[in-house]
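Report on one structure; see the data block that follows.
Scope of the values below: all heavy atoms of this structure, side chains included, with no hydrogens, waters or symmetry mates.
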Amino acid sequence: MADVSLEPLKVVCSYSHNDEPLKDELTKHLTMLERQGIISTWHDRKIPPGREWDGEINENLNTADIILLLVSSDFIYSKYCWDVEVTKAIERHEAEEACVIPIILRNVFWQDAPFAKLQALPKNALPIMSWSNQDDTFTNVAQGIKFAAEQLIKERQQQRFIREAAIVEYRQKAEEFASDGEISLVESDILKDLQEKLKLTDREARAVREKVLEPYGIYKKNLDKYKQYLTSFVDEQGYPLAEKAEAELKKFQKYYQLKDEDIVRLKKEQEIEYQKQQAEKLRLEQERAEYQRQEAELQKQRENKSSSPGIQTQPFEFDTAILTPKSAGFLGMGKKTYEINRSRGRTEFFTENLGNGVVLERNGCNSWW
């Protein structure tokens, strides 16, 4: 018996309209198979009004599981049946996409036809019209179609089981690679090779990867939210955090089931970043204090020199830079880099006329030029 969990197999009848009474009789004898959910039948008389019949026929031929060729002299004579329907049916049969069954209605020379290599019905390919009892003939044909349908269902069940096993194997490998929350380029290449080995489609493989990575994506999103709250609390309160802030963060971690090791890592990173910010803030404050000190000293120098004849002063600013070597890579073999810390200063340029054409020049740092 067929597996009712599967969709009924679509059976499409290809026939000449001159043989329509025989086609109708055949569909009557297939009624039991339809009621059992084994098959559903289609022929061109089911095309709704207003639809393009050529497109409808092609669509159903392309999606049929079983194609019945109702063979007679009129069928072979029909240019459309021969050029379109027979051609398409043989193409899909050879591609193992559909099962094609010739049904010999009336006696005609068909042994050299493209479908002559296929097992035909009724029994011994004896034309239906040559049987003395038509009901016996159509019953024989219906039983043959049932046998073919059940064999096809079994094959597809086996294919489904094989495909499901392949997807399970692919998913297990994807889950192994995604245990750290991502799939690297090397791991992607390995999965691509496994996909080809298991004969999975790109769509199937992509669906598995997306499903595997989905929990990690959600987890990362929640972890980013935690980091935002942590950063906000640190900006407001500094370190250490107040008990209320710690309680709020703990509540968030528990609800979203964030791992302790991830929370410890985030807090450590945030603390280091906070220390850097504080160090930078202190450096700027020191530079500002030094600048103010220099300004005060220059002002004092200007006041002292203003009463001295022949001395002229002119203020100017200058920049200083301190280069700090950083790591040069593994074993010092990489390119050396430097961290640059800049600061700004201010002093005055003095000129003093000593007479007899002699002019003395010096800067506010007591350096002679």
Criterion side chain to side chain contact (heavy atoms under 4.5 Å, CB included) on Lys259 and Gln253, from CA distance to verdict: CA-CA 8 Å; Lys259 299 176 182 178; Gln253 177 189 355; over 6 Å; no
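- Note on Glu273 versus Lys276: no salt bridge recorded, every NZ/NE/NH1/NH2 to OD/OE distance being 4.0 Å or above.
- By the 4.0 Å N-to-carboxylate-O rule, Lys267 lies close enough to Glu246 to be salt-bridged with it.
- Using a 4.0 Å cut-off between charged side-chain N and carboxylate O, Glu7 and Arg156 make no salt bridge.
- Going from atom CD of Gln151 over to atom CD1 of Ile153 covers 10.0 Å, rounded to the nearest 0.5 Å.
- When the side chains of ILVMFWY residues are joined at heavy-atom separations under 4.5 Å, either directly or via intervening members, Phe233 and Leu266 end up in a single hydrophobic cluster.
- Side chain of Gln237 to main chain of Ala242: a donor-acceptor pair is present (N/O by atom type, distance under 3.5 Å, no hydrogens or angles).
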Val234/Leu241 under side chain to side chain contact (heavy atoms under 4.5 Å, CB included): CA gap, chis, key distance, verdict: CA-CA 7 Å; Val234 171; Leu241 294 177; 4.0 Å; yes
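- In the hydrophobic clustering of ILVMFWY residues, with side-chain heavy atoms under 4.5 Å counting as a link, Ile66 and Leu26 come out together.
- Nearest heavy atom pair, residue Ser16 against residue Asp74, reads OG-CB, 3.4 Å.
- The distance from atom CG of Leu30 to atom CD of Glu25, rounded to the nearest 0.5 Å, is 10.5 Å.
- Put simply, Ile90 and Tyr80 are part of the same group of oily side chains (I, L, V, M, F, W, Y) that touch within less than 4.5 Å, one to the next.
- Scanning both residues, Leu70 and Tyr15, for their nearest heavy atoms gives CD1-CB, 3.7 Å.
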Pair Glu285-Arg288, salt bridge (charged side-chain N to carboxylate O under 4.0 Å, His left out): steps then yes or no: CA-CA 5 Å; Glu285 291 176 351; Arg288 189 179 302 111; 5.4 Å; no
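- The distance from atom CZ of Arg106 to atom CG of Asp19, rounded to the nearest 0.5 Å, is 4.5 Å.
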Asn58 and Lys88: CA distance, side-chain angles, deciding distance, side chain to side chain donor-acceptor pair (under 3.5 Å) verdict: CA-CA 8 Å; Asn58 273 284; Lys88 175 57 68 176; 5.7 Å; no
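- With hydrogens and angles ignored, the 3.5 Å screen pairs no side-chain donor or acceptor of Arg45 with any backbone N or O of Glu20.
- Considering every non-hydrogen atom in both Ile38 and Ala149, the closest pair reads CG2-CB, 3.8 Å.
- The cluster map of Ile, Leu, Val, Met, Phe, Trp and Tyr, joined by side-chain heavy atoms under 4.5 Å apart, puts Leu200 and Leu213 in the same cluster.
- Of the residues Glu269, Glu261, Lys268, the one that meets the side chain to side chain contact (heavy atoms under 4.5 Å, CB included) test with Arg265 is Glu269.
- Partner of Phe75 under the side chain to side chain contact (heavy atoms under 4.5 Å, CB included) criterion, out of Asn18, Val86, Leu105, Ile103: Val86 alone.
- Heavy atoms of other residues, nucleotides or ligands lying less than 6.0 angstrom from CD1 of Ile272 number more than 12.
- Formation of a donor-acceptor pair under 3.5 Å by the Thr137 side chain with backbone atoms of Asn133 is found in this model.
- In this structure, CG on Leu258 lies 4.5 Å from CD1 on Ile263, to the nearest 0.5 angstrom.
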Candidate pair Arg92 and Asp65, rule salt bridge (charged side-chain N to carboxylate O under 4.0 Å, His left out), full reasoning: CA-CA 10 Å; Arg92 297 201 63 225; Asp65 298 299; over 6 Å; no
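- The heavy-atom pair separating Leu198 from Ala166 by the smallest distance is CD1-O, 3.3 Å.
- For Tyr255, the OH atom is loosely surrounded, since the number of other residues' heavy atoms within 6.0 Å does not exceed 12.
- Between Trp82 and Phe115, the angle of the ring planes goes over 60°, which puts this pair in the perpendicular group of the 30/60° scheme.
- For Tyr256 and Tyr226, the ring centers sit 6.0 Å or farther from each other.
- Counting heavy atoms of neighbouring residues, nucleotides and ligands inside a 6.0 Å radius, atom OH of Tyr229 does not exceed 12 of them.
- Among all heavy-atom pairs drawn from Pro8 and Ser40, the shortest one is CB-N, 4.1 Å.
- For CZ of Arg51, the number of neighbouring non-hydrogen atoms (other residues, nucleotides, ligands) closer than 6.0 Å is 12 at most.
- Within a 6.0 Å sphere centred on CD of Gln111, other residues, nucleotides and ligands contribute more than 12 heavy atoms.
- Salt-bridge annotation for Lys28 and Asp24: absent, with no side-chain N of the basic residue lying under 4.0 Å from a carboxylate O of the acidic one.
- The distance from atom CD1 of Ile183 to atom NZ of Lys173, rounded to the nearest 0.5 Å, is 11.5 Å.
- Enclosure of atom CD in Glu164 by more than 12 non-hydrogen atoms of other residues, nucleotides or ligands within 6.0 angstrom is indicated.
- At distances below 3.5 Å, at least one donor-acceptor pair connects side-chain atoms of Thr87 with backbone N or O atoms of Asp83.
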Side chain to side chain contact (heavy atoms under 4.5 Å, CB included) evaluation trace for Gln257 with Asn222: CA-CA 9 Å; Gln257 299 180 346; Asn222 292 331; over 6 Å; no
Side chain to side chain donor-acceptor pair (under 3.5 Å) evaluation trace for Glu290 with Gln286: CA-CA 6 Å; Glu290 177 63 18; Gln286 290 174 342; over 6 Å; no
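- Under the 3.5 Å distance criterion, the side-chain polar atoms of Tyr239 are left unmatched by any main-chain donor or acceptor of Gln275.
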Residues Asp193, Lys197; criterion salt bridge (charged side-chain N to carboxylate O under 4.0 Å, His left out); working and verdict: CA-CA 6 Å; Asp193 183 71; Lys197 175 185 174 183; over 6 Å; no
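- Minimum heavy-atom separation, Ile67 to Ala64: CG1-CB, 3.8 Å.
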Lys220 and Glu182: CA distance, side-chain angles, deciding distance, salt bridge (charged side-chain N to carboxylate O under 4.0 Å, His left out) verdict: CA-CA 11 Å; Lys220 184 178 182 302; Glu182 62 181 6; over 6 Å; no
CA sep, side-chain torsions, deciding dist, call: Leu191, Arg209, side chain to side chain contact (heavy atoms under 4.5 Å, CB included): CA-CA 10 Å; Leu191 286 176; Arg209 291 196 303 272; 4.2 Å; yes
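- Going from atom OG1 of Thr201 over to atom CZ of Arg163 covers 6.5 Å, rounded to the nearest 0.5 Å.
- Around CD of Gln119, the count of heavy atoms belonging to other residues, nucleotides or ligands within 6.0 Å does not exceed 12.
- Residues Ile76 and Val84 share a single hydrophobic cluster, defined by chaining ILVMFWY side chains whose heavy atoms lie under 4.5 Å apart.
- Of the possible polar contacts, one joining the Glu34 side chain to the Thr41 backbone as a donor-acceptor pair under 3.5 Å is found.
- In Lys227, the NZ atom is not crowded: 12 or fewer heavy atoms of neighbouring residues, nucleotides or ligands sit closer than 6.0 Å.
- Side-chain atoms of Asn140 do not come within 3.5 Å of backbone N or O of Pro122 as any donor-acceptor pair.
- Side-chain N/O atoms of Asn62 and Glu97 include no donor and acceptor closer than 3.5 Å.
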